[in-house]
Each structure stands twice: as structure tokens, then as C-alpha cells.
Enquirer: 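The structure follows.
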Amino acid sequence: MSADPNCIFCKIVAGQIPSKKVFEDEELLAFHDIHPIAPVHFLIIPKLHIPSMAQLAPEHERLMGKIMMLAPKLAFEQGCLPYPEGGFRLLCNTGTGGGQEVHHLHVHVMGGPRPWKRG
Ligand code: AMP
Ligand code: ZN
């Protein structure tokens with residue numbers, strides 16, 4: 001799956017839509033959610049256009065592992081409070097029934113002092 005010209009996150013990867021970047025390497029991009037629901041709220045995405053977790057294939061295993069390893073590092077760098085009193089929440093909405101609105105795989109990383117807007 002290469003870039004989808006109609007995908008908003010592919011456009012962010014391509015620099016056609018601006019984002020507040022948290023992290024970037026050759027495979028992944030992390031940027032602040034435009035409508036944060038917690039004091040810390042950013043998204044980690046693969047640069048590759050994978051629509052959702054429903055399309056994951058064996059060749060994506062290393063990439064998904066990399067996202068999971070990156071999440072705590074960036075979460076604490078971005079201001080999530082230390083474990084165990086603090087911490088963070090990961091969320092990966094999958095499919096319309098799962099609450100997914102942008103169909104380019106992304107993991108929400110949320111944290112920081114409560115109360116949050118939701119959850
Ligand atoms: P969902 O697909 O429901 O898991 O969530 C998509 C998320 O992407 C929402 O939290 C939106 O606020 C966020 N979002 C949509 N467009 C942008 C954008 N241009 N920059 C940053 N975040 C965005
Ligand atoms: Zn995309």
C-alpha cells in the first residue's frame with residue numbers, strides 16, 4: 001500500500017498539510033492531535049498507508065513493534081507524568097464501528113494531569 005492521494009495523514013507525511021511534529025524517522029511520524037482530549041495527545045503513524053489494524057500483515061510486525069516501543073519514550077518526553085501515578089493511554093480505533101474517522105493507521109497517545117475532556 002503506497003500513499004493514498006485522498007488520505008489526510010498521507011498528506012501530512014508528504015508535507016502537504018502542516019502538523020506539529022513530535023518525532024519523525026524514515027518509517028514513522030508522530031504529531032499532535034488537532035483536537036486534543038488530554039493535556040498530552042499526539043498520534044503515531046506509519047508513513048506507509050495502512051488503512052487500519054484490520055489490514056495488518058506479517059511484514060508489518062516490526063513496524064508495529066517499533067510504534068509500541070516509541071510510545072512510552074515520546075509520552076514521557078511530551079509531559080506524561082511518571083509511572084505508576086501518572087502514565088498514558090494508547091488507543092487505536094479500528095473501523096467505523098471502532099470509532100475510526102481517519103483511515104490511515106494511527107495510535108493515539110494520551111496523558112498528562114487529569115481531568116481530561118473525555119475518558
Ligand atoms: P480516529 O480516526 O477517530 O482515531 O481519530 C482521528 C484523529 O485525528 C482525531 O483525534 C482528530 O482530531 C485527528 N486529526 C484529524 N485531522 C488532523 C490533522 N490535520 N492534524 C492532526 N490531527 C488530526
Ligand atoms: Zn494514508
Side-chain angles (χ1 to χ4, degrees):
M1 279 163 274
S2 53
D4 175 343
N6 298 314
C7 169
I8 187 165
F9 286 177
C10 283
K11 288 181 184 171
I12 286 178
V13 169
Q16 294 160 358
I17 291 179
S19 67
K20 278 177 63 186
K21 278 181 200 171
V22 170
F23 173 88
E24 180 170 19
D25 72 5
E26 64 285 355
E27 294 178 310
L28 302 179
L29 183 65
F31 53 95
H32 290 281
D33 196 291
I34 206 165
H35 297 303
I37 63 157
V40 176
H41 187 176
F42 61 91
L43 308 173
I44 306 178
I45 70 169
K47 289 188 170 178
L48 190 67
H49 180 83
I50 305 169
S52 80
M53 287 192 78
Q55 287 75 33
L56 285 178
E59 64 264 29
H60 301 131
E61 185 173 343
R62 190 191 52 81
L63 194 63
M64 294 308 291
K66 202 170 150 183
I67 291 175
M68 287 295 144
M69 298 301 288
L70 189 61
K73 179 177 183 291
L74 295 183
F76 293 122
E77 281 177 12
Q78 289 298 311
C80 292
L81 303 172
Y83 178 91
E85 292 80 9
F88 55 85
R89 174 177 293 174
L90 299 185
L91 179 66
C92 190
N93 297 325
T94 302
T96 305
Q100 185 178 11
E101 291 179 356
V102 177
H103 290 257
H104 179 129
L105 195 154
H106 54 280
V107 174
H108 294 256
V109 183
M110 292 166 277
R114 288 178 181 274
W116 297 355
K117 282 188 189 157
R118 291 199 298 272

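Counting starts at 1 for both ligands and their atoms, following the listed order.
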Enquirer: Nearest 0.5 Å, what's the CG-CG distance between L63 and L105?
Expert: 8.5 Å
Enquirer: Please state which protein non-hydrogen atom is closest to atom 7 (C) of ligand 1 and give its distance, to 0.1 Å?
Expert: D33 OD2, 3.5 Å
Enquirer: At less than 4.0 angstrom from any non-hydrogen atom of H108, what atoms of ligand 1 do you find?
Expert: 1 (P), 4 (O), 5 (O), 7 (C), 10 (O)
Enquirer: Between atom CD of E27 and atom CZ of R62, what is the distance when rounded to the nearest 0.5 Å?
Expert: 4.0 Å
Enquirer: Using the rule that Ile, Leu, Val, Met, Phe, Trp and Tyr join whenever any side-chain heavy atoms are under 4.5 Å apart, tell me whether V40 and L43 fall into a single cluster.
Expert: no
Enquirer: Of all N/O/S atoms in H104, which lies nearest to the Zn ion (ligand 2)?
Expert: ND1
Enquirer: Within less than 2.8 Å of the Zn ion (ligand 2), any N, O or S from C7?
Expert: yes
Enquirer: With hydrophobic residues grouped by side-chain heavy-atom distances under 4.5 Å, do F31 and L48 end up in a single group?
Expert: no
Enquirer: Relative to atom 16 (N) of ligand 1, which among L43, I12, I8 owns the nearest non-hydrogen atom?
Expert: I8
Enquirer: Taking distance alone, with N or O pairs closer than 3.5 Å, would you say H41 contacts ligand 1?
Expert: no
Enquirer: Are any of the N or O atoms of I34 closer than 3.5 Å to those of ligand 1?
Expert: yes
Enquirer: Taking 4.0 angstrom as the limit and counting only heavy atoms of E101, give me the atoms of ligand 1 inside it, by number and element.
Expert: 1 (P), 2 (O), 3 (O)
Enquirer: Q100 to ligand 1: N or O pair under 3.5 Å?
Expert: no
Enquirer: Could you tell me, atom by atom, which parts of ligand 1 come under 4.0 Å of a heavy atom of H106?
Expert: 1 (P), 2 (O), 4 (O), 5 (O), 6 (C)
Enquirer: What atom name does the N, O or S atom of H49 nearest to the Zn ion (ligand 2) carry?
Expert: ND1
Enquirer: Are any of the heavy atoms in G99 under 4.0 Å away from ligand 1?
Expert: yes
Enquirer: First locate atom CD1 of I44, then atom CE of M64, and finally report the distance between them rounded to the nearest 0.5 Å.
Expert: 9.5 Å
Enquirer: To the nearest 0.5 Å, what is the distance between CG on L91 and NE2 on H41?
Expert: 7.5 Å
Enquirer: Is there a chain of hydrophobic side chains (I, L, V, M, F, W, Y, each step under 4.5 Å between heavy atoms) that links L81 to V109?
Expert: no
Enquirer: Roughly how far apart are F42 CZ and H108 NE2, rounded to 0.5 Å?
Expert: 12.0 Å
Enquirer: Rounded to the nearest 0.5 Å, what's the gap from OG on S19 to NE2 on H32? Could you check?
Expert: 9.5 Å
Enquirer: Go through ligand 1 atom by atom and flag the ones less than 4.0 Å from a non-hydrogen atom of N93.
Expert: 1 (P), 3 (O), 4 (O)
Enquirer: Determine whether any heavy atom of K20 lies closer than 4.0 Å to an atom of ligand 1.
Expert: no
Enquirer: Check ligand 1 against F9 and write out every atom of the ligand that is under 4.0 Å from a heavy-atom position of the residue.
Expert: 8 (O)
Enquirer: Are any side-chain N or O atoms of K47 and backbone N or O atoms of D25, one a donor and one an acceptor, separated by less than 3.5 Å?
Expert: yes
